[in-house]
Number of protein chains: 2
Amino acid sequence: MECLQANGYRLTNPRRITVEILANSKRPLNASEIYQLAKEQYAKIGLVSVYRTIEKLEELNLIQRVHKPEGCHAYIAGFTGHQHLLICTKCGKTEFFEGDDLQQLIARVSLESNFIIQDHWLTLFGICSDCQQKQSH
Amino acid sequence: MECLQANGYRLTNPRRITVEILANSKRPLNASEIYQLAKEQYAKIGLVSVYRTIEKLEELNLIQRVHKPEGCHAYIAGFTGHQHLLICTKCGKTEFFEGDDLQQLIARVSLESNFIIQDHWLTLFGICSDCQQKQSH
DNA sequence: TTTTTAATTGAAAACAATTTTCACTAATTA
DNA sequence: TAATTAGTGAAAATTGTTTTCAATTAAAAA
Ligand SMILES: [Mn+2]
Ligand SMILES: [Mn+2]
Ligand SMILES: [Zn+2]
Ligand SMILES: [Zn+2]
């Protein structure tokens, strides 16, 4: 909310609620999921406002689109700097990690392909500890 | 086409042309791009058949959806086994590479997060050699 | 505090992408 | 060759997202 305000945006109910939902979610949410949750707190919110808030939060790098095999329209909060995602394929729980060292790989691929490599996306998929326990029963 | 036939699908014009376009493309194409190209060879083809062929090729693992910042609705042919993509952000030219060794990283992240890590997505973005030359003029 | 203002809102309409329906066509089998 | 049935394309339906617009409301000004 501070960041929105600092960028000249007004602090409104639809924004507050959308931000709160995204900030508290451990898994990526899409517009309609946010909308369903938001209505519980603020019945008159419109889906359009959710879309518009997502757009602004993404511009300000406060949320990040998450690409998964099932779709790429969900967002997760908490992005800062160069990080990557670790996603539970059972419940969707998503964590960030960093410290990947791809320098050697990138150098090799660059040499073999004659590409100048500027960026990379890395996502790990697995089963979170909660879902491991549920599974073992 | 062989693989389609082996799986009980008929060899039709719409399929032949869609397959040919995807097989010959160096960059990922979406349904409507394939459709535009296909119409040049077979004017009466329908966009629906392109969608249906994409669906089957994806099921048979002959093509793969490509995730990019601009969107995730394009497909590239030639997927076999565990490989990753290298994409030119100028012209879209896409190559496969393999031999990434993420074992150490995966072990560390697994330990820190208590996830069992089962899969990963890695995509490198850069500038291909053609586009490097065009740029330097 | 009250008034002014312009950004923001939600409903509805518009738009875009994809899927479904259905009568017809054509690839394969007998 | 004829019979069968998968596959086709046009049109309609559906889904997800964006635009429009009059009304509302947060923030600035008085
Ligand atoms: Mn990295
Ligand atoms: Mn790999
Ligand atoms: Zn989980
Ligand atoms: Zn290029």
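All values derive from a computational prediction rather than experimental measurement. Labels below follow one simple rule: chain letters A, B, ... track the order of the sequence lines, proteins then strands, and each chain is numbered from 1.
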Atom OH of Tyr51(A) and atom P of dT20(D): how far apart are they, to the nearest Å?
18 Å
Any idea how Trp121(A) and Phe125(B) line up, ring-wise: parallel (<30°), tilted (30 to 60°), or perpendicular (>60°)?
perpendicular
Earliest and latest nucleotide of DNA chain C, 5' to 3', sitting under 4.0 Å from a non-hydrogen atom of chain B?
dA17(C) to dT28(C)
Phe96(A) side chain reached by Leu85(A) side chain, heavy atoms, under 4.5 Å:
yes
Specify the residue among Arg52(A) and Leu47(A) whose closest nucleotide of DNA chain D lies further upstream toward the 5′ end.
Leu47(A)
Pairs of donor and acceptor atoms involving the side chains of residues 106-113 of chain B, under 3.5 Å and at least two apart or interchain, shall be tabulated with distances.
unit_1	atom_1	unit_2	atom_2	d
Arg108(B)	NE	Glu112(B)	OE2	3.1
Arg108(B)	NH1	Gly99(A)	O	3.3
Arg108(B)	NH2	Glu98(A)	O	2.7
Ser110(B)	OG	Phe115(B)	O	2.7
Ser113(B)	OG	Val109(B)	O	2.7
Ser113(B)	OG	Phe115(B)	N	3.2

Distance, rounded to the nearest Å, where Asn30(A) contributes CG and dT18(D) contributes P
13 Å
May I have the step-by-step check of side chain to side chain contact (heavy atoms under 4.5 Å, CB included) for Thr89(A) and Asp119(B), ending in yes or no?
CA-CA 10 Å; Thr89(A) 52; Asp119(B) 198 5; over 6 Å; no
Is the count of non-hydrogen atoms from other residues, nucleotides or ligands lying under 6.0 Å from Gln104(B) atom CD greater than 12?
no
Those residues of residues 8-19 of chain B lying under 4.0 Å from DNA chain C by at least one heavy atom:
Arg10(B), Leu11(B)
Closest of dA27(D), dG9(D), dT19(D) to the Gln5(A) side chain is dA27(D)
For DNA chain C, the residues among residues 33-41 of chain B that have a non-hydrogen atom under 4.0 Å from it
none
Exercise answer: donor-acceptor pairs, residues 3-15 of chain A side-chain atoms, under 3.5 Å, sequence neighbours excluded:
unit_1	atom_1	unit_2	atom_2	d
Thr12(A)	OG1	Arg15(A)	N	3.4
Arg15(A)	NH1	Arg10(A)	O	2.9

Let me check something: any side-chain donor-acceptor pairs from residues 25-34 of chain A under 3.5 Å, sequence neighbours excluded? List them with distances.
unit_1	atom_1	unit_2	atom_2	d
Ser25(A)	OG	Arg27(A)	N	3.2
Ser25(A)	OG	Arg27(A)	O	2.5
Asn30(A)	OD1	Ser32(A)	N	3.2
Asn30(A)	OD1	Glu33(A)	N	2.8
Glu33(A)	OE1	Asn30(A)	N	2.8

When the nearest nucleotide of DNA chain C is assigned to Glu55(B) and to Val50(A) on a heavy-atom basis, which residue is associated with the more 5' position?
Val50(A)
Heavy atoms of Cys131(B) and Lys90(B) approach each other most closely as SG-CB, 3.5 Å
Greater than 12 external heavy atoms within 6.0 Å of Glu70(B)'s CD:
yes
Over 60° means perpendicular and under 30° means parallel, so tell me whether His67(B) and His67(A) are parallel, tilted or perpendicular.
perpendicular
Gln135(A) atom CD: more than 12 heavy-atom contacts under 6.0 Å
yes
